[in-house]
Visitor: 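Got a structure for you, questions after.
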Amino acid sequence: MELDLKLDKESGETLQNQAFEQIRDLILRGLLRPGMMLPPTRQLAEQLGISRNTIALAYDRLLAEGYTESRGRSGTYVSRSLPDETLTAGAGKSAAHARELEFPSPLLCFAGHPPSLSRPDSGQPVIDFWVGRSDPNSFPVETWRRLLLRKMSVGGANLTEYGDPAGLSELRVAISNHLGRARGVLVAAEQVIITSGSQDGLNLICRLLNTNDHPFYIENPCYQGAAFLFRSLGADLHPIPVDKNGMVVEKLPRDRAGVVFVTPSHQYPTGATLSLERRQQLLEWARETNSVIIEDDYDSYFRYDGRPITALAGFDAHRRVFYLGTFSKSLGAGLRLGFTVVPSELAHPARIVKSQMNHGQPWLDQAVLTEFIESGLYERHLRRARKLYKSRRDCLIENLHRVFGQVEISGADSGLHIVWTLPKGCPDAAVVQQRARLRGVGVYALNSGAAFDFDGSASRQSLVMGYSSVKEKDIETAINRLGELLDDMRSEFTPYLAFSRPKSA
């Protein structure tokens, strides 16, 4: 388990007290429920980059004040008999605050059309760096089978009758609790709508928004599926440039209300992380212009370097953010399960729109996923997957340096892919993609890798390489083949190609 704690080392308050207060607050809000296990002190200290003793002292205080209980070597758990004041702490405060906030009603409507879809090239190469593909061997098959059989044995009428189109209520509760703990997003279960993935969630949101009368601001380059969907709905798209700190927020116009689509945790496709300063600027822009934000929290659970960053929706005091999440990357796209979080005012309209789209996702899959999350197995699976994918990322970067020397890479801090800017003088990425495929290696220019570049300038020298489903020995083989390929192309394109490999390679 990871806890979304934000400790300020520059604050006059001790780190121990900050940790105590924030964990206590999670308990008071019900995000850490009675009987739930807290992360080990060593793990939490490593996550926060502080002394283990600091966390141990915070845990001791929580234990002394009755918020937690120790079970010896088993660990520290939220107390099943909490202090009396937790029953009424904060009651009424959030509801009163909510009434003071307004939602921009001019952006609402209930219309939409089916999305356009993009697909990878047919004919999968032997070693394929296609993006967003989780490792098939990492799927918890035995655990899933056990939970599946258990749910089937007690399914009864759930297997034969229609369910709530917004999703299984228990799963919505589990997701809302998980978001509060792991992503800092505090929402009611009623705001969570179960979908078949991010694209389905985008379609749902677009049916709630007035796509014809307001501009849509989108990152450039961006996720192809979003751009195609918005265009299919007749939206007026305005590309906003992206740099190493994510969307350049100061480029957003301030003269009218609009909709922003952003991937702040791991920008698709460049991999940039939207800085904290820009997150705050974006939320302030939305408030000042009466606009809304669609946050696709893409790849947020796979951060390898630096501390986890709270989701944009976690900072959203004025309820301007629609939040998209999916289990396609963390578990597997074959499950076809994701979720959308809508502002509280739109919970009921969103449920109506979802019922117009379909009658909900399969009960059995939702029931299994619910127990998988609530039992702590999901967070355990994420830790294992994070370790595996970090090892493959390191292997890919190491081999690129070995074969090509100094390489320009973006998006390596997190996610399941990197973007490699080809050496100076190389032919266009599309040419390298085509030639690499003939050698059994799948690498992708941006527009072939589920990305879209409005002016084409970013795509010519950039290759998208997803590493999560490629074994380390295959990564080494593939990079060797790419090195040989670029050597051959160097002789073919001489004197135009200025690239040369290190002698040691």
Visitor: Would you name the heavy atoms of L31 and G180 that are closest together and state the gap between them?
Guide: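 Looking at all heavy atoms of both residues, the closest pair is CD1-CA, 4.0 Å.
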Visitor: Please report the closest heavy-atom contact between G201 and T340, naming both atoms and the distance.
Guide: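 That closest heavy-atom pairing would be CA-OG1, 3.2 Å.
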Visitor: Just say parallel, tilted or perpendicular for the rings of F454 and F452, cut-offs at 30° and 60°.
Guide: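 Answer is perpendicular, since the angle exceeds 60°.
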Visitor: As a quick check of understanding, evaluate side-chain contact (heavy atoms from CB on, under 4.5 Å) for Q361 and S196, giving each step before the final call.
Guide: CA-CA 7 Å; Q361 276 52 56; S196 62; 3.8 Å; yes
Visitor: Can you tell me how far NE2 of H238 sits from NZ of K251, rounded to the nearest 0.5 angstrom?
Guide: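 One finds 15.5 Å between NZ of K251 and NE2 of H238.
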Visitor: With D297, which residues qualify under salt bridge (Lys or Arg N to Asp or Glu O under 4.0 Å), at least two apart?
Guide: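 Partners of D297 by the salt bridge (Lys or Arg N to Asp or Glu O under 4.0 Å) criterion, ordered by chain and then number, come out as R183.
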Visitor: Using the side chain to side chain donor-acceptor pair (under 3.5 Å) rule, take E219 and T263 through it: C-alpha gap first, then chi angles, then the decisive distance, then the call.
Guide: CA-CA 8 Å; E219 300 160 323; T263 52; 2.9 Å; yes
Visitor: Say you draw a straight line from CD1 of I352 to CD of Q356; how long is it, rounded to the nearest 0.5 Å?
Guide: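 That separation rounds to 7.5 Å.
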Visitor: Is there a donor-acceptor contact under 3.5 Å linking the side chains of E472 and S391?
Guide: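 E472 vs S391: donor-acceptor pair found between side chains.
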Visitor: Say you draw a straight line from CG of L229 to OG of S198; how long is it, rounded to the nearest 0.5 Å?
Guide: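 L229 CG to S198 OG: 12.0 Å, rounded to 0.5 Å.
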Visitor: Are there more than 12 heavy atoms of other residues, nucleotides or ligands under 6.0 Å from atom CD of E284?
Guide: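 More than 12 within 6.0 Å, yes.
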Visitor: Evaluate the side-chain proximity of L209 to F322: yes if any heavy-atom separation is below 4.5 Å, no if none is.
Guide: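 Answer yes - side chains close enough.
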Visitor: Taking atom types as modelled, find out whether T310 and D4 have a side-chain donor-acceptor pair closer than 3.5 angstrom.
Guide: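 T310 vs D4: donor-acceptor pair found between side chains.
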Visitor: Give me the one residue out of K390, R386, R393 that meets salt bridge (Lys or Arg N to Asp or Glu O under 4.0 Å) with D305.
Guide: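 Single pass found, and it is R393.
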Visitor: Less than 4.5 Å apart, side chain to side chain, heavy atoms only: is that true for I50 and K9?
Guide: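 In short, these two side chains touch, coming nearer than 4.5 Å.
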Visitor: Using atom types as modelled and distance alone, determine if a side-chain donor or acceptor of Q22 lies under 3.5 Å from a backbone N or O of K6.
Guide: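 Checking the backbone N and O of K6 against the side chain of Q22, a donor-acceptor pair under 3.5 Å is found.
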Visitor: Judged by modelled atom types alone, do T41 and R52 share a side-chain donor-acceptor pair under 3.5 Å?
Guide: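 Present: a donor and an acceptor within the cut-off.
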Visitor: State, to 0.1 Å, how close C222 and P269 come at their nearest heavy-atom pair, and which atoms those are.
Guide: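 The answer is N-CD, 3.9 Å.
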Visitor: Please report the C-alpha distance between L171 and V192 in whole Å, then the side-chain angles of each, then the deciding distance to 0.1 Å, and finally whether the side-chain contact (heavy atoms from CB on, under 4.5 Å) criterion is met.
Guide: CA-CA 9 Å; L171 178 56; V192 179; over 6 Å; no
Visitor: I would like to know whether D316 and E295 meet side-chain contact (heavy atoms from CB on, under 4.5 Å); could you show each step before the answer?
Guide: CA-CA 11 Å; D316 181 26; E295 176 185 16; over 6 Å; no
Visitor: Do side-chain atoms of Q267 reach the backbone of V242 as a donor and acceptor pair under 3.5 angstrom?
Guide: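 Side chain of Q267 to backbone of V242: no pair is present.
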Visitor: State which residue, out of Y223, F216, Y217, fulfils the ring pair (Phe, Tyr, Trp, His ring centres under 6.0 Å) condition with F230.
Guide: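 The passing option is F216.
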Visitor: For the pair D128 (side chain) and W130 (backbone), establish whether a donor and an acceptor sit closer than 3.5 Å, ignoring hydrogens and angles.
Guide: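 Yes.
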Visitor: Any side-chain heavy-atom pair from P215 and R256 closer than 4.5 angstrom?
Guide: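 When only atoms from C-beta onward are counted, R256 and P215 do touch, with a gap below 4.5 Å.
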Visitor: Give the minimum heavy-atom separation between Y444 and S448, together with the two atoms involved.
Guide: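 Of all heavy-atom pairs spanning Y444 and S448, the closest is CD2-O, 3.9 Å.
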Visitor: Got a donor-acceptor contact below 3.5 angstrom from the T289 side chain to the W285 backbone?
Guide: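 Yes: the side chain of T289 pairs with the backbone of W285.
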Visitor: With heavy-atom distances below 4.5 Å as the criterion, would you say the side chains of Y323 and V185 are in contact?
Guide: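 Side-chain contact under 4.5 Å: yes.
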Visitor: Between T195 and R336, is there a side-chain donor-acceptor contact under 3.5 Å, judged purely by atom types and distance?
Guide: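 Not at all, the side chains of R336 and T195 share no donor-acceptor pair under 3.5 Å.
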Visitor: Ignoring hydrogens and angles, tell me if any N or O in the side chain of T273 forms a donor-acceptor pair with the backbone of S265 under 3.5 Å.
Guide: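 A pair under 3.5 Å: yes.
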Visitor: Set out, in order, the CA-CA distance, both residues' side-chain angles and the distance that settles ring pair (Phe, Tyr, Trp, His ring centres under 6.0 Å) for Y301 and H178, then state yes or no.
Guide: CA-CA 12 Å; Y301 292 113; H178 174 76; 5.5 Å; yes
Visitor: Is it true that, when you exclude E13 itself, more than 12 heavy atoms of the residues, nucleotides or ligands shown sit nearer than 6.0 Å to its CD?
Guide: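 Correct, the count exceeds 12.
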Visitor: Would you check if the side chain of S410 reaches a backbone N or O of T270 as a donor-acceptor pair within less than 3.5 Å?
Guide: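 The answer is yes, because a donor-acceptor pair under 3.5 Å joins these two groups.
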Visitor: So does A445 get a backbone contact from the side chain of Q433, meaning a donor-acceptor N/O pair under 3.5 Å?
Guide: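 Looks like yes, one N/O pair under 3.5 Å.
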Visitor: Which pair of non-hydrogen atoms, one from K354 and one from I194, has the smallest distance, and what is that distance?
Guide: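 For K354 and I194, the tightest heavy-atom pair comes out as CE-O, 3.0 Å.
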Visitor: May I ask you to decide if G411's main-chain N or O and H266's side chain share a donor-acceptor pair within less than 3.5 Å?
Guide: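 Checking the backbone N and O of G411 against the side chain of H266, a donor-acceptor pair under 3.5 Å is found.
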Visitor: Checking the side chain of Q281 only, and the main-chain atoms of E250 only, is there a donor and an acceptor separated by less than 3.5 Å?
Guide: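 Between the backbone of E250 and the side chain of Q281 there is no qualifying donor-acceptor contact (under 3.5 Å).
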Visitor: With distance as the sole test, does R278 use its side chain to make a donor-acceptor pair with the main-chain N or O of G246 at under 3.5 Å?
Guide: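 Yes: the side chain of R278 pairs with the backbone of G246.
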Visitor: Side-chain contact test, heavy atoms from C-beta onward, threshold under 4.5 Å: evaluate it for C426 versus Q461 and give yes or no.
Guide: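 A side-chain contact exists here, since the closest heavy-atom pair is under 4.5 Å.
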Visitor: Are the side chains of N358 and D200 in contact, using a 4.5 Å heavy-atom criterion?
Guide: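 Result yes, sub-4.5 Å side-chain heavy-atom pair found.
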Visitor: Quick one: does L32's side chain get under 4.5 Å of L3's, heavy atoms only?
Guide: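 In contact.
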Visitor: Heavy atoms only: give me the nearest C206-L233 pair and the separation to one decimal.
Guide: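 Distance-wise, the nearest heavy atoms are CB-CD1, 3.2 Å.
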Visitor: Could you tell me how the ring of Y304 sits relative to the ring of Y467: parallel (under 30°), tilted (30 to 60°) or perpendicular (over 60°)?
Guide: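 Y304 and Y467: tilted rings.
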Visitor: Using side-chain contact (heavy atoms from CB on, under 4.5 Å), reason through L486 and V432 one step at a time and then give a plain yes or no.
Guide: CA-CA 8 Å; L486 264 65; V432 176; 4.3 Å; yes
Visitor: With heavy-atom distances below 4.5 Å as the criterion, would you say the side chains of E398 and R402 are in contact?
Guide: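 Side chain of E398 against side chain of R402, heavy atoms only: no contact under 4.5 Å found.
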